[in-house]
Novice: 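Please read through the structure below; I'll follow up with questions.
Read the numbers this way: they start at 1 and go in the same order the structure lists the ligands and their atoms. Computed from a predicted model, the values in this text were never measured in an experiment.
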Amino acid sequence: MSRMTRMAVVLLPMLIAGPAQAFDIEAHRGGRALLPENTLPAFANALSMGVSTLELDLGVTKDRVVIVSHERGLNPDLARDTAGAYVPPPGTPFVQLNLADVKRYDVGQIRPGSKYAENFAQQRAVPGTRIPTLAEVFALVRKSGDKAVRLNIETKIDPRKPDETVDPATFVTVLLDLLRKEQFTDRVMIQSFDWRTLQLVQKQAPEIPTVYLTQQQGPEPNVLAAAATPWTAGYNPADYGGYVPRTVKAAGGKIWSPLYVDVTPAAVAEAHSLGLTVVPWTTNAEDDMARLIDMGVDGLISDRPDLLRKVTQQKGVTMPIPAPVTP
Ligand code: G3P
Ligand code: CA
């Protein structure tokens with residue numbers, strides 16, 4: 001066999017299949033087991049250790065600025081006012097606050113004595129930390145020089161609580177305008193439990209991959225095998241034999257992101273046969289990570305990106321390159 005023929009034998013399958021997709025190591029809320037969730041110190045830490053994706057949550061303020069927060073309003077377990085007092089529950093929705101108001105609150109330390117503090121006892125507090133805008137996160141990514149990292153950005157909107165956020169159309173318009181202005185459309189995936197926003201993204205920005213979040217068990221499932229829910233934009237798994245991956249495919253999703261305890265080898269195989277990528281949330285234990293990787297998932301979302309790097313490295317995954325940066 002000539003040298004040219006040998007090269008063709010090696011390269012042709014790669015050219016046909018395209019480059020192998022690297023395993024997706026996602027830092028959930030920037031890695032909230034390590035540093036305050038959804039903040040610049042957490043994202044800087046994740047970039048500095050090397051992750052493939054920053055996972056984060058979004059809200060829109062009264063003056064239509066996209067900010068980064070898991071809750072739809074000030075979180076009583078996180079937000080302290082200028083006098084140092086944690087805000088009383090339920091916490092004012094961001095849709096009632098301008099950015100300047102939001103920036104007055106310190107979210108750098110979990111409320112001592114709370115269940116959240118107990119769950120993340122190892123988190124290092126960074127007092128004085130503010131809720132970032134999404135534009136500030138983009139600036140941090142640029143500053144890091146990391147050209148490979150992506151952002152998995154979640155529209156936090158609840159179909160049962162329309163007064164607590166902007167409506168889906170406004171949310172998507174404001175978000176897409178920002179992504180285009182910042183030239184980040186090719187570095188994001190947009191995820192949501194509320195599939196209404198994903199349907200709008202697919203129509204208005206079909207080049208952005210959509211991530212369908214599902215939770216089939218626990219007190220508040222957003223997807224049921226036998227019925228549509230307010231979360232699924234009219235898609236009913238019962239119309240697809242009760243199969244969630246088929247429903248996600250029919251809805252136009254590229255990525256299926258299930259609660260990790262819902263994942264089975266059969267569901268992963270079915271999703272792959274439909275061309276979906278599977279990235280479960282949120283695994284923080286080494287044995288769960290290893291079990292899911294062995295099932296063939298394409299990535300994992302974790303509050304412990306350091307541990308996820310360790311486990312995936314042991315499985316032979318090429319590590320994302322660290323991009324040291326300070327917030
Ligand atoms: O990316 C999925 C995961 O972030 C969903 O859970 O509640 O942490 O936003 P949550
Ligand atoms: Ca999230």
Novice: I need the protein N, O or S atoms closer than 3.0 Å to the Ca ion (ligand 2), given as residue plus atom name.
Specialist: Glu55 OE2, Asp57 OD1, Glu154 OE1
Novice: Scan side-chain atoms only and decide if His272 and Asp298 contain a donor-acceptor pair under the 3.5 Å cut-off.
Specialist: yes
Novice: Does a side-chain N-to-carboxylate-O contact under 4.0 Å join Asp288 and Arg291?
Specialist: yes
Novice: Does some side-chain heavy atom of Ser302 sit less than 4.5 Å from a side-chain heavy atom of Leu307?
Specialist: no
Novice: Would you mind running through ligand 1 and noting each atom that sits below 4.0 Å from a heavy atom of Arg29?
Specialist: 7 (O), 8 (O), 10 (P)
Novice: Starting from atom 4 (O) of ligand 1, locate the nearest protein heavy atom and write down its residue, its atom name and how far away it is, to 0.1 Å.
Specialist: Glu55 OE2, 2.8 Å
Novice: Is any side-chain heavy atom of Glu37 closer than 4.5 Å to one of Leu78?
Specialist: yes
Novice: Salt-bridge test for Glu286 and Lys310: reply yes if a basic N is under 4.0 Å from a carboxylate O, no otherwise.
Specialist: yes
Novice: Is Asn152 in polar range of ligand 1, meaning some N or O pair under 3.5 Å apart?
Specialist: no
Novice: Can you list the ligand 1 atoms lying under 4.0 Å from a non-hydrogen atom of Glu154?
Specialist: 4 (O), 5 (C), 9 (O)
Novice: Please determine, by modelled atom types, if Thr197 and Asp194 share a side-chain donor-acceptor pair under 3.5 angstrom.
Specialist: no
Novice: Is a side-chain donor-acceptor pair under 3.5 Å present for Asp262 with Gln215?
Specialist: no
Novice: Is there a path of hydrophobic side-chain contacts, each under 4.5 Å between heavy atoms of I, L, V, M, F, W or Y residues, that connects Val149 with Leu35?
Specialist: no
Novice: Taking both backbone and side-chain atoms of Trp281, is any N or O found less than 3.5 Å from an N or O belonging to ligand 1?
Specialist: no
Novice: I'd like to know if Arg142 pairs up with Glu182 as an ion pair, taking the criterion as any Lys NZ or Arg NE/NH1/NH2 lying under 4.0 Å from an Asp or Glu carboxylate oxygen.
Specialist: yes
Novice: Could a heavy atom of Lys156 be found less than 4.0 Å from some atom of ligand 1?
Specialist: yes
Novice: Would you mind telling me if ligand 1 is within reach of the side chain of His70, the backbone, both or neither, using heavy atoms under 4.0 Å?
Specialist: side chain
Novice: Using heavy atoms and a threshold below 4.0 Å, how should the contact between Val211 and ligand 1 be classified: side chain, backbone, both, or neither?
Specialist: neither
Novice: Where is the nearest protein heavy atom to atom 3 (C) of ligand 1: which residue, which atom, and how far?
Specialist: His28 NE2, 3.7 Å
Novice: Side chains of Phe94 and Leu74, heavy atoms from C-beta outward: is any pair under 4.5 Å?
Specialist: yes
Novice: What do you reckon, does Ser257 have a nitrogen or oxygen under 3.5 Å from a nitrogen or oxygen of ligand 1?
Specialist: no
Novice: Suppose I only count heavy atoms of Leu213 and a 4.0 Å limit; which atoms of ligand 1 are within that range?
Specialist: 1 (O), 2 (C)
Novice: Can you tell me the protein heavy atom closest to atom 1 (O) of ligand 1 and the distance?
Specialist: Gln191 OE1, 2.7 Å
Novice: A side-chain contact here means heavy atoms from C-beta on lying under 4.5 Å apart; do Asn152 and Val211 qualify?
Specialist: yes
Novice: Which atoms of ligand 1 are found less than 4.0 Å from any heavy atom of Asp57?
Specialist: 9 (O)
Novice: Side chains of Asp24 and Ser52: any donor to acceptor distance under 3.5 Å?
Specialist: yes
